[in-house]
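Working notes, structure below.
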Amino acid sequence: MVITPRERFLEAMHCKETDRPPVCGMTTTATVELMDHVKAWWPEAHTSGRQMAQIALGAYEFLGLESVRVPYCLTYEAEALGCRIDLGKKNSTPMVKSNPFKDNPDADLELMSPEEMLKIPRNKEILEAARIIIKERKEDLPTLLGVTGPFTIAGHLVGTENLILWTITEPDMAKKFSGYAADYEKMWLEHVETIGIDSVQMSEPTASWDMIPPDMFDEYALPNLKRVYKPLKKTMKILHICGNMLPMLENMIASGATACSLEEKTDPYKAVELANKRAALVGNVGVVKPLLMGTPEDVRNAAIRSADAGFNIISAGCGMSALIKQENVRAMVDAIVNYRR
C-alpha cells in the first residue's frame, strides 16, 4: 500500500511504526536557491501571503522536504505586541530591534481583542499563506505553521537579559510579561485551530537549558506552554528548543507537545531512550555542520545517525541558514528516502 507524505507524518507524530521517517522542514526552511527557483524572495515575502506560500510550496519540488511550512521568522508576535522589527535581507531572517517595555516594566498590559489581532497586517498575510498552502499543495503534504513560545516573546518585549535576570530578582515581573505573551499566543492559537493546519511548530529558544535551569523552566515556561497548547484539539504541537535539551527533555514532554524538536547538541540515542515514545522526536541534523559547511556525505551520515537512533521525523536541528545548498538538503532527504528501519 502506498503511503502519502502526510500519512507518514501523522503516523510518525504519534510514534507509530512507519516504513521510514518523514524528512521535513520544521523550522525556517527557505534558502536563497529555493527563493530564486520559485521567484519569490525575502524580505518582501515576509509581508506577502502569496510570496510566503510560493516559497513554502516550492520546498518539496526543489529541496525534497516532505512538508509545507510558513512563515519564516520569530518576530511577528513581537511586532504585534509593539516591538520594532527589521525584516532582514534576502539571506537573513527578521530581527527584533526594540524592547518596548524594557524601560517601562510597570506599564499596564492590556490584551487586544481577537478582532484587533486578525487585522494586524502580518497576521493577515500569514493566515492567507496558510490558507494557500492547504489549498494549493500538489502532493498530500503535511502543513505546518510556525509560532513563537511565550517566554521568548516576553524576552522580546523587555529584553532577554532582563527577563532572565528577573526570574531571580523580580519573579513577579517575569511572570507578568511571560503571562501576557501567553495570553496573546493562546488567542492566536485559538484562531489557528480553526484553519485546518496539521501542526503548529513552536520555537522557544529563550527557555533553553543554556538560558535557564529545569526548575525555572517549570516555573516560568512550562505553565504557559500548557496554557497556550490547551485550545489545540486537532492541531498537533511541535515544540522546538535550541541547545542540548537532554537534561530538560522531560520538561518539554510535560508541556503536552506531540513532538519535541531537538538540535544536534542533544544525543539522539539518549533522547530516544528517555522519551520512550511519550512524544515524537524531530531533528537533529546540524544546521551549521554538516548542512551549511559539510559535504553531502557528511549530511547523509548525520541523517542516518538520527534515523538509527530512532528519531520519528528527520529534519534540520534548528532553522536552516538561507545559504545552505540544495545538494546538502537533498542529501538529507535522499539518505532517508532510501532508509529502512
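When reading the values below, keep in mind they use all heavy atoms of this one structure, side chains included, and skip hydrogens, waters and symmetry mates.
In this structure, the side chains of V282 and N312 stay at 4.5 Å or more apart for every pair of heavy atoms. Contact annotation: the side chain of P205 approaches that of L74 to within less than 4.5 Å [non-hydrogen atoms, C-beta and beyond]. Side-chain contact between N123 and L118 is absent, with no heavy atoms from C-beta onward closer than 4.5 Å. The shortest distance between side-chain heavy atoms of L291 and V299 falls below 4.5 Å. Here the side chains of Y76 and E125 are not in contact, with every heavy-atom distance at 4.5 Å or above. Residues W188 and L145 have side chains in contact (heavy-atom distance under 4.5 Å, counting atoms from C-beta outward). Taking the side chain as every heavy atom from C-beta outward, R122 and L87 approach each other to under 4.5 Å. The closest side-chain heavy-atom distance from P114 to H191 is not below 4.5 Å.
Hydrophobic clustering, with ILVMFWY side chains joined whenever heavy atoms are under 4.5 angstrom apart, groups L157 together with V147. Transitive grouping of hydrophobic side chains (ILVMFWY, heavy atoms separated by less than 4.5 Å) brings L222 and V228 into a common cluster. Put simply, L225 and F151 are part of the same group of oily side chains (I, L, V, M, F, W, Y) that touch within less than 4.5 Å, one to the next. By the rule that hydrophobic residues join a cluster once side-chain heavy atoms approach within less than 4.5 Å of another member, I336 and L10 end up as members of separate clusters. Both V337 and L141 belong to a common hydrophobic cluster when Ile, Leu, Val, Met, Phe, Trp and Tyr are linked at side-chain heavy-atom distances under 4.5 angstrom.
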**Request:** Kindly indicate, with the supporting measurements, whether the criterion side chain to side chain contact (heavy atoms under 4.5 Å, CB included) is fulfilled by L63 and H37.
**Result:** CA-CA 10 Å; L63 298 174; H37 177 73; over 6 Å; no
**Message:** Using side chain to side chain contact (heavy atoms under 4.5 Å, CB included), reason through T143 and D198 one step at a time and then give a plain yes or no.
**Reply:** CA-CA 5 Å; T143 54; D198 288 317; 3.4 Å; yes
**Request:** Dump the intermediate steps for side chain to side chain donor-acceptor pair (under 3.5 Å) on D172 and W166, then the final yes or no.
**Result:** CA-CA 8 Å; D172 289 344; W166 290 346; over 6 Å; no
**Prompt:** Where do S203 and Q201 land on the side chain to side chain donor-acceptor pair (under 3.5 Å) test, with the steps shown first?
**Reply:** CA-CA 7 Å; S203 295; Q201 181 274 310; 3.0 Å; yes
**Message:** Using salt bridge (Lys or Arg N to Asp or Glu O under 4.0 Å), reason through K124 and E128 one step at a time and then give a plain yes or no.
**Reply:** CA-CA 6 Å; K124 290 169 63 176; E128 176 64 13; over 6 Å; no
**Prompt:** Hey, mind stepping through L323 and V32 against side chain to side chain contact (heavy atoms under 4.5 Å, CB included) and telling me if it holds?
**Reply:** CA-CA 6 Å; L323 299 177; V32 169; 4.3 Å; yes
**Asked** Should R50 and E44 be marked as a salt bridge (Lys or Arg N to Asp or Glu O under 4.0 Å) after you check the CA-CA gap, both sets of side-chain angles, and the distance that decides it?
**Response** CA-CA 10 Å; R50 170 52 64 182; E44 292 81 9; over 6 Å; no
**Request:** Kindly indicate, with the supporting measurements, whether the criterion side chain to side chain contact (heavy atoms under 4.5 Å, CB included) is fulfilled by W41 and I55.
**Result:** CA-CA 8 Å; W41 297 272; I55 296 169; over 6 Å; no
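Between K175 and E219 there is a salt bridge, with a side-chain nitrogen of the basic residue lying less than 4.0 Å from a carboxylate oxygen of the acidic one. Between E273 and K270, none of the side-chain N atoms (NZ, or NE/NH1/NH2) sits under 4.0 Å from a carboxylate O, so this pair counts as no salt bridge. A salt bridge does not link E161 to K102: none of the charged side-chain nitrogens sits closer than 4.0 Å to a carboxylate oxygen. Here D298 does not pair with K289 in a salt bridge; the nearest charged N to carboxylate O distance is not below 4.0 Å. Salt-bridge formation is not detected for the pair K119/E115: no Lys NZ or Arg NE/NH1/NH2 atom is positioned less than 4.0 Å from an Asp or Glu carboxylate oxygen. A salt bridge between K325 and E33 is present, with a side-chain N of the basic residue lying under 4.0 Å from a carboxylate O of the acidic one.
E66 places no side-chain N or O within donor-acceptor distance of the main-chain N or O of P5, the cut-off being under 3.5 Å. When atom types are taken as modelled, the side chain of T266 and the backbone of M245 share a donor-acceptor pair closer than 3.5 angstrom. Between the side chain of S208 and the main chain of C242, a donor-acceptor pair closer than 3.5 Å is present. Side chain of T93 to main chain of C73: no donor-acceptor pair is present (N/O by atom type, distance under 3.5 Å, no hydrogens or angles). S255 places a side-chain N or O within donor-acceptor distance of the main-chain N or O of M252, the cut-off being under 3.5 Å. Between the E327 side chain and the P296 main chain, no donor and acceptor come within less than 3.5 Å of each other. In terms of modelled atom types and a separation under 3.5 Å, the side chain of S178 and the main chain of P150 share no donor-acceptor contact. The closest donor-acceptor contact from the side chain of T28 to the backbone of M320 lies at 3.5 Å or more, if one exists at all. When atom types are taken as modelled, the side chain of R69 and the backbone of M26 share a donor-acceptor pair closer than 3.5 angstrom. With hydrogens and angles disregarded, a donor-acceptor distance shorter than 3.5 Å links the side chain of E263 to the backbone of G243.
For K230, the NZ atom sits in a loose shell: 12 or fewer heavy atoms of surrounding residues, nucleotides or ligands are nearer than 6.0 Å. Atom CD of E136 is surrounded by more than 12 heavy atoms from other residues, nucleotides or ligands within 6.0 Å. Within 6.0 Å of CE on M95 lie no more than 12 heavy atoms contributed by other residues, nucleotides or ligands.
For the pair T160 and M211, the tightest heavy-atom approach, listed with the atom from each and the gap, is CG2-CE, 3.6 Å. G146 approaches P71 most closely through the heavy-atom pair O-CD, 3.6 Å. Of all non-hydrogen atoms in M248 and P213, the two that sit nearest each other are SD-C, 4.2 Å. Across every non-hydrogen atom of A335 and A303, the tightest pair is CB-CB, 4.3 Å.
One finds the CD1 atom of I133 at 13.5 Å from the CD atom of Q54 (value rounded to the nearest 0.5 Å). To the nearest 0.5 Å, the span separating CD1 on I253 from CD on E250 amounts to 5.5 Å.
Side-chain atoms of E193 and T235 include a donor-acceptor pair closer than 3.5 Å. Counting only N and O atoms by type, the side chains of D308 and Y269 include no donor and acceptor under 3.5 Å apart.
Between Y72 and W42, the ring-plane angle classifies as tilted under the 30° and 60° cut-offs. Under the 30°/60° scheme for interplanar angles, the aromatic rings of F101 and Y180 are found to stand perpendicular.
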